[in-house]
Amino acid sequence: MVEPQSQLLAPPSEDAPGEQAGARHISGSTTWNIVNLVRRRLGEDGVRRLLEVAGESRRASELEDDATWSSFWQGKALFEAAAEVLDDPHAPRHVGASIARADMTSEVAALLRSLGSPGELLRSIAQVAPKFCTVVKMEALEIGAAHALIGAVSVEGYPRYELLCDFTIGLLSQAPLPFDLPPATVTEEQCELRGDPRCVFRVVWEQEQADRVAPAQLSNEATELAVLAARVETFQATAADLVSADDVATVLSRITARAGLAVRAPRHLLVVQTTPDAPLHIHHQGFRDEDAKQVASELMGDAPDDHGGSRLIADVASARRRYGRLAAVYDEGITFLPTEHLQLAVYARLAAAALDSATALEESRAQAASARALFDLARALANVGTSDDVAGRLATAVPAVVDCDTSVVGLWDGESAVLRVAACTGVAPDVEDRLRAMAVRLSAMLERQEPQFLDVSTTDEFLRDLLSATGVIATVVVPIVSNGELLGVVNAAVTHNPERLRAAGHVLERLTSLADIAATALQNSRLVEHIRHQAMYDLITGLPNKRMLEDRVAAALAQSERTGNGFTLFFLDLDRFKNVNDTLGHAVGDQLLKQVAQRLLATLREEDTVARLGGDEFAVLLPRIESVDVATVIADKVWAALQEPFLLGSQQLFITSSIGLAVAPHDGDHYDTLLKHADIAMYRAKQQGRNRYAAYSPSLHEDLSYLLKLESDLHGALAGDQLRIYFQPQVSLVDGEVAGVEVLVRWEHPQHGLLGPDSFLSIAEETGLIVEIDAWVLREACSQARRWLDDGLPPLRVGVNLSTRDLHDPALVDAVATSLGRSRLEAARLQLEVTERVVGAGSDQVLDAMSRLRGLGVSLAVDDFGTGSSGLSSLRNCPVDTLKIDKTFVQEVTSDQPDVPLLAAMIGLARDLGLSVVAEGVESTEQADFLRRHGCDLAQGYLFGRPMDVEHFTDVLRRRVPPRRFA
Ligand code: C2E
Ligand code: CA
Ligand code: CA
């Protein structure tokens with residue numbers, strides 16, 4: 001047997017005594033990253049030089065293949081060559097870092113975070129690293145909150161070299177990344193090269209925030225399934241590759257060569273017998289031939305030894321035949337993970353299917369042409385599809401193999417213990433419909449799992465009816481069985497000349513062959529379907545994921561087509577979730593998502609599907625809800641449930657959500673359209689700011705494109721100098737003079753003219769631009785206030801609005817201090833307005849920001865008071881000075897209704913708390929009168945002046961009285 005990759009160079013002169021020829025110690029991912037680094041920096045020319053300098057005879061594409069392992073010496077030569085051609089002694093460090101980073105993509109990062117801390121992640125890296133580089137043993141010697149000591153010892157015979165230490169430094173430095181921390185600093189405190197007994201790396205990272213909540217724990221199972229699901233795709237591509245070969249020998253060598261894709265390990269060995277008396281085929285990678293023989297004969301034994309877990313062994317067996325075994329082998333001491341067991345098993349099954357197809361072909365060479373059909377089927381089936389695919393292909397193959405008129409394939413549904421027709425050939429469409437609608441209980445024939453011949457003379461009434469209904473006069477039914485388990489049946493039937501079935505002795509034999517091949521394929525497809533199914537759940541929340549939602553929506557659509565019943569789809573998005581992730585970290589974000597999921601489930605019916613689409617997006621499928629009115633009631637309920645505070649560790653968190661809804665089939669009869677329409681509606685809900693949900697309507701498309709354009713324009717608004725500030729006077733109700741001003745932003749849009757905040761602030765909030773906009777407004781407001789003072793105008797209190805985002809922005813307090821400093825404005829002249837909903841939510845972070853602002857000497861106002869749910873009592877502990885009563889309360893005062901006790905009580909209570917009161921939205925003299933009588937200090941509203949530009953407001957200030965003076 002030829003070693004598939006025999007081009008191994010002799011190790012350099014310092015050849016390790018006893019190193020096996022073809023020994024493999026360095027994983028393909030390492031060499032891949034070396035080649036990649038060189039290519040990024042120097043292009044293909046650089047890669048050519050790399051290979052030349054390293055004395056490498058393999059092609060770059062091989063080194064970039066995960067399945068290609070290298071010897072210790074090849075790895076060393078590649079590292080040295082990389083450092084040389086890049087003229088960078090730290091090239092290995094970059095390689096180490098990129099290997100570590102490759103695992104830190106979003107999904108995997110969540111898994112890594114579930115380890116809890118950078119220290120724990122380092123512990124796991126130390127455990128796994130020897131699986132990539134098997135000549136170094138690593139160990140976590142000490143794990144602290146902000147540091148770790150990692151020890152590394154070279155295996156005897158494989159000397160340490162400086163570049164390897166550098167590589168390790170790169171690898172270890174990345175551990176803090178999944179925790180949203182910058183890379184760690186790594187120093188090598190002891191080194192084998194300096195005569196120390198081992199290398200010791202000190203890894204130091206920034207300590208995490210102490211009040212971090214525990215990360216979302218993922219079950220091991222979820223983690224493993226995620227890995228496995230990712231593998232299944234690769235396997236399927238592999239299966240196609242395997243069966244594209246026509247001869248057994250090629251199939252065998254491909255199986256071993258690709259086994260490295262199934263599980264990572266330096267050595268693989270496949271030993272099979274294609275027929276019970278054929279000689280043993282041994283294929284191997286990474287063994288010496290003599291050793292391979294030895295291992296092969298061990299593997300063919302009844303229960304081969306797994307050498308303490310360092311050998312992973314899988315049976316290569318199909319329903320047709322037991323072929324042999326496949327093993328992945330590490331040096332002793334390095335063991336396999338549970339997922340890898342499953343992976344190798346799946347791979348071994350594929351291999352068995354490929355062997356079925358190749359052996360069928362060999363047999364077909366000896367036999368008649370009809371056997372070619374057997375082979376074609378085997379080849380088609382080795383490429384695993386769904387169970388229905390398998391059934392379909394099988395039904396088509398039958399008439400090609402057996403002389404018959406029709407064929408039906410039934411699949412056994414173990415859960416409901418019935419047989420269902422899954423595919424037919426040669427059957428009229430109306431008959432097929434009837435057959436498919438039938439569910440056959442287990443009959444004695446099936447129980448015996450034996451082939452059977454039936455004709456119209458049968459005594460079984462059901463079968464007789466069935467035969468005559470389908471026009472069949474005789475049939476052979478063969479069960480599809482694997483390991484004693486019934487998977488289905490295949491039949492061949494004739495509508496005339498029944499002797500064709502009875503006379504030909506080979507009919508049964510051929511059908512049985514077909515059934516055997518199908519059995520393997522069915523088992524594979526079941527396994528894949530099972531894994532697929534498991535891969536249909538979201539890792540963080542455990543909810544169905546996008547793929548599963550798609551399946552369920554498709555099913556609901558199919559049902560709605562049959563029954564005429566519609567259903568509703570929600571698209572739900574958490575407002576400003578990114579904010580949570582950015583300010584509190586991903587661990588808190590994950591935790592929040594989990595709680596949101598739980599709350600959604602608790603709010604909805606059992607038959608509803610709640611799915612996570614990704615990020616902060618969820619979807620809900622509500623079967624049989626087909627009226628928009630009912631749907632909005634449910635949307636309202638969901639929205640309200642998410643309004644309640646979330647408790648994350650010691651933090652209370654308030655979030656809001658926007659929901660878009662689309663009703664099928666009216667708003668779309670396809671998954672993509674429906675989801676898109678629900679999404680458009682959600683966007684609408686967001687744009688409407690305070691609105692909690694919106695239903696889809698075709699006109700939203702136009703609104704949407706307008707809004708999207710506006711969003712992109714807004715990015716240029718600041719730079720393009722298109723923002724303006726307007727000023728609205730606040731007037732003393734005692735003497736009628738202008739005592740303050742509120743600064744309000746406007747956007748002079750080149751096409752749409754002057755836009756008010758309502759038309760663009762929600763976009764600004766959503767995109768985060770609000771922080772920049774507010775900072776700009778603040779700077780402008782302060783410098784304008786300074787100009788008025790310099791011009792000798794009377795001093796004013798200037799009110800500037802803040803958004804939620806600002807209060808979560810760590811730079812806020814500094815920005816305020818800077819604006820004050822630059823304009824030399826007294827802090828007491830500035831009042832910052834925060835809406836009641838934010839204050840009421842009172843997260844620790846917001847309260848802290850407010851206290852620090854007050855520490856600067858600025859005053860704080862609660863804006864839109866009365867619209868939130870906090871109530872006055874919660875303001876007792878809040879660092880605020882002023883209450884701005886929302887205009888809805890003020891506007892309750894009319895000439896018809898001169899007394900509004902609630903408004904009076906609000907003013908009274910605020911005064912009791914020692915807060916000053918500003919009434920907003922004062923439009924009439926009745927309102928102003930009422931407010932003055934009840935002791936309100938200041939009033940703001942159209943009665944005294946609309947928001948105006950700086951010229952107009954300066955004019956007002958010169959005259960010291962508002963444009964319309966309160967009599
Ligand atoms: P707000 O803070 O409650 O500002 C008062 C709003 O009430 C202003 O709307 C003002 O024009 C309007 N208003 C004033 N007097 C009357 C009246 O007598 N009757 C009626 N019906 N309305 C009156 P505007 O300018 O459209 O601002 C809307 C909201 O946008 C503001 O509500 C504030 O929350 C926000 N906003 C404005 N400028 C900024 C800013 O620079 N930054 C931030 N974050 N938000 C801002
Ligand atoms: Ca305000
Ligand atoms: Ca307000």
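Note that the structure is predicted; figures quoted are calculated from it, not measured. Whatever order the structure lists them in is the order used to number ligands and atoms, beginning at 1.
- The distance from ligand 1 to the heavy atoms of L761 drops below 4.0 Å at these ligand atoms: 30 (O), 35 (C), 36 (N), 45 (N), 46 (C).
- Of the N or O atoms in D758, none lie within a sub-3.5 Å distance of an N or O in ligand 1.
- Geometry about the Ca ion (ligand 2) gives an angle of 180° between OD2 of D863 and OE2 of E742, rounded in steps of 10 degrees.
- Using a 30° and 60° split on the angle between ring planes, F727 and F953 fall in the parallel class, below 30°.
- Side-chain atoms of Q730 and Q940 include a donor-acceptor pair closer than 3.5 Å.
- With ligand atoms numbered from 1 in the order given, ligand 1 contributes 11 (O) to contacts under 4.0 Å with heavy atoms of P947.
- Look at E920 and the Ca ion (ligand 2): no N/O/S atom of the residue is under 3.0 Å from the metal.
- Between the side chains of S823 and S783, no donor-acceptor pair of N or O atoms lies under 3.5 Å.
- For L943, no heavy-atom contact with ligand 1 is shorter than 4.0 Å.
- A salt bridge links R932 with D929; the closest basic N to acidic carboxylate O contact falls under 4.0 Å.
- Checking side-chain atoms of R797 against main-chain N and O of Q831 turns up no donor-acceptor pair under 3.5 Å.
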Step by step, would you call H752 with Y706 a ring-ring contact (aromatic ring centres under 6.0 Å, His included)? CA-CA 11 Å; H752 307 303; Y706 169 78; 5.1 Å; yes
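- Note on N801: counted as a metal contact of the Ca ion (ligand 2), an N/O/S atom lying under 3.0 Å.
- Counting heavy atoms closer than 4.0 Å to ligand 1, residue D774 contributes side-chain atoms (C-beta onward) but none from N, CA, C or O.
- With a heavy-atom cut-off of 4.0 Å, R946 does not touch ligand 1 at all.
- Under a 4.0 angstrom heavy-atom cut-off, R746 registers as being in contact with ligand 1.
- Those atoms of ligand 1 with a heavy atom of G941 less than 4.0 angstrom away are 15 (N), 18 (O).
- Look at D848 and R852 and you find a salt bridge, because one of the NZ, NE, NH1 or NH2 atoms lies within 4.0 Å of a carboxylate O, short of that distance.
- Residue contacts with ligand 1 include G921, since one or more of its heavy atoms lies under 4.0 Å from the ligand.
- Residue contacts with ligand 1: E742 is included, with a non-hydrogen atom under 4.0 Å away.
- At a 3.5 angstrom cut-off on N or O pairs, V745 counts as close to ligand 1.
- Using a non-hydrogen distance threshold of 4.0 Å, K887 registers as a contact of ligand 1.
- Using a 4.0 Å cut-off to heavy atoms of E923, the atoms of ligand 1 that qualify are 17 (C), 18 (O), 19 (N), 20 (C), 21 (N).
- Nearest to atom 18 (O) of ligand 1 by heavy-atom distance, out of W776, Y726, Y942, F760, is Y942.
- Taking the Ca ion (ligand 2) as reference, the nearest N/O/S atom within E833 carries the name OE1.
- With respect to the salt-bridge test (charged N to carboxylate O, under 4.0 angstrom), the residues R805 and D809 do not qualify.
- Here side chain to side chain donor-acceptor pair (under 3.5 Å) pairs that include residues 898-915, with residues two or more places apart or in two chains, are R911-D937.
- Ring geometry for H677 against H701 counts as perpendicular: the plane angle is over 60°, on a 0 to 90° scale with 30° as the lower cut.
- With salt bridges taken as basic N to acidic carboxylate O contacts below 4.0 Å, one links D713 and K709.
- One finds a salt bridge joining R854 and D881 here, because a Lys/Arg side-chain nitrogen approaches an Asp/Glu carboxylate oxygen to under 4.0 Å.
- In summary, the atoms of ligand 1 found under 4.0 Å from a heavy atom of D864, numbered by their order in the structure, are 3 (O).
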